[in-house]
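Here is the structure we will look at.
Not measured: the values here are computed from a predicted model. For the numbers below, each heavy atom of this structure counts, side chains included, while hydrogens, waters and symmetry mates do not.
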Amino acid sequence: KMVNDLILSKTLEEQGISIEDVLGKGGFGTVYSGRQKIIVDNDVIERNVAIKTLDPKAPKEIKDRFVREAKIGIEQKYKHDGLVEGINFVKEKELYSYVTEYVTGFNLREIINRDKLLPIDFSSAVIYKIGKILEFLHDPNRSIIHRDIKPDNIMISGEGKVYLIDFGIAKIGFERDSIDDFIAGSIYYMSPEQIKGDNTTPKSDLWSLGVTYYEALTGEKPFVFYKDGVNYKQRTDKILRDMSSRIISPRKFNKKIPRKLVGIVRKLIGGNKILNLPISRQYENAKELTRDLQKVLHFSNGDADETIKD
């Protein structure tokens, strides 16, 4: 019935969008591949699109996440090469549909699982590209905190383009918001303030990126967290205790990692008492991160693109 509702949707038809196939199903929705006819210089051309749909029975918090992601994807001021372009959002007969550009490739989680230990240049180039995306998002004119940076949400297309995806729990604005009370995301990658339900800031995204970078370089997570079967408070208490210890140096897992890159990781997953590092040593913003990566690896934005393609 959901497919029929989409096919019969006049709004989608008016956008020149048609359904082709099912790409995947989740607990409360389905993603379809499709085609959209658009007019360019008086010529009609077709492009591939993805159509995400949400079950009308989905809980309110799931619907809110769906709408939030669509809002960020569609608004012009959030357009960036490293963000999947939102094309259209439709609410019809209690059915939510969100149409985006269609990106194929692998997420960083799949690549880590497949290769375990990734080339240092490749890992660093991907983190550099995400750093550039965060520069864009964290700009005061946009003020977006992603709040769910992890390997699963970093997509690398077949052409070697890097995307940051899934803005379902993103926060618009740097001040404390009601969404900070909604503790969601992947606990392995959450910053301490997010775990505790405190205000999340651009530094929270940098923390999560640091955990991701550590894992991409080593194939391991920097903290040993919890065992299955314990309740949320037990898990979070243990995580915060584990974070009070210094992380194991990435070089223990890969001696080829330059010491200067270890310093970058420490400045991402640090800068406060939990790692016994002075506050001044934490990155203030994503621009400081990308600047340091450029200095250590001697590459420009274009060089990073070529490294990922290779």
Side-chain angles (χ1 to χ4, degrees), residues 107-131 134 146-154 164 183 185-196 198 200-228 230 232 234-284 286 288-290 292-293 296-297:
N107 65 45
L108 188 58
R109 161 71 55 231
E110 293 170 316
I111 297 172
I112 291 171
N113 288 346
R114 182 191 68 198
D115 298 341
K116 187 64 174 177
L117 208 58
L118 306 184
I120 294 166
D121 285 352
F122 173 84
S123 301
S124 300
V126 169
I127 298 303
Y128 173 82
K129 295 296 288 187
I130 296 298
L134 291 181
H146 186 276
R147 300 180 75 248
D148 198 17
I149 293 175
K150 58 184 179 182
D152 311 66
N153 287 337
I154 296 173
L164 181 59
I183 302 173
S186 297
I187 208 160
Y188 282 111
Y189 304 94
M190 285 185 190
S191 64
E193 59 271 19
Q194 190 170 352
I195 289 171
K196 293 186 288 186
D198 292 342
T200 46
T201 70
K203 289 183 179 181
S204 307
D205 280 348
L206 292 176
W207 170 283
S208 301
L209 187 59
V211 177
T212 299
Y213 192 17
Y214 186 105
E215 188 174 359
L217 287 171
T218 67
E220 305 288 340
K221 293 181 175 68
F223 308 107
V224 180
F225 283 155
Y226 59 87
K227 295 180 180 178
D228 293 334
V230 296
Y232 184 79
Q234 288 173 322
R235 283 186 284 171
T236 54
D237 286 350
K238 186 174 189 312
I239 289 168
L240 292 169
R241 284 199 306 273
D242 289 345
M243 284 178 174
S244 68
S245 303
R246 287 185 179 273
I247 61 172
I248 298 170
S249 171
R251 284 174 54 84
K252 177 180 177 181
F253 303 104
N254 185 354
K255 296 292 186 185
K256 295 180 180 178
I257 299 171
R259 294 186 186 279
K260 287 185 178 180
L261 285 188
V262 174
I264 289 174
V265 173
R266 288 189 179 279
K267 286 181 73 173
L268 284 165
I269 319 176
N272 59 36
K273 292 179 181 177
I274 63 172
L275 290 183
N276 303 314
L277 296 175
I279 293 293
S280 61
R281 289 190 61 192
Q282 186 180 20
Y283 285 119
E284 288 297 322
E288 291 182 357
L289 165 66
T290 56
D292 278 3
L293 284 170
V296 174
L297 298 164

Can you tell me how far [atom2] of [Y] sits from [atom1] of [X], rounded to the nearest 0.5 angstrom?
X    : Y    : atom1 : atom2 : answer
F122 : L217 : CZ    : CG    : 11.5 Å
I264 : E288 : CD1   : CD    : 11.5 Å
L261 : I120 : CG    : CD1   : 7.0 Å
D148 : S204 : CG    : OG    : 12.5 Å

Identify the residue among N113, D115, N107 that makes a side chain to side chain contact (heavy atoms under 4.5 Å, CB included) with I111.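 Checked N113, D115, N107 against I111; only one passes side chain to side chain contact (heavy atoms under 4.5 Å, CB included): D115.
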
Using atom types as modelled and distance alone, determine if a side-chain donor or acceptor of [X] lies under 3.5 Å from a backbone N or O of [Y].
X    : Y    : result
Q194 : T200 : no
T290 : G131 : no
K116 : G219 : yes
D205 : R147 : yes

Could you check if a side-chain atom of [X] sits within less than 4.5 angstrom of a side-chain atom of [Y], using non-hydrogen atoms only?
X    : Y    : value
R109 : R114 : no
V126 : L118 : no
I130 : Y213 : no
N153 : L108 : no
K256 : R251 : no
V262 : R266 : yes
L289 : L134 : no
T218 : I257 : yes

Heavy-atom closest pair, residues [X] and [Y]:
X    : Y    : value
I149 : S208 : O-CB, 3.5 Å
A216 : I112 : CA-CD1, 4.0 Å
K221 : Y189 : CE-OH, 3.5 Å
Y283 : K203 : O-CE, 3.7 Å
P151 : T212 : CD-OG1, 3.7 Å

Can you tell me if Y188 and E215 form a side-chain donor-acceptor pair at under 3.5 Å?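 No, no side-chain donor-acceptor contact under 3.5 Å.
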
Would you tell me whether S191 and E193 have side-chain atoms, one donor and one acceptor, within less than 3.5 Å of each other?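 Per modelled atom types, S191 and E193 side chains form a pair under 3.5 Å.
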
Over 12 non-hydrogen atoms of neighbours within 6.0 angstrom of CZ in R259: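 At most 12 heavy atoms, drawn from other residues, nucleotides or ligands, come within 6.0 Å of this atom.
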
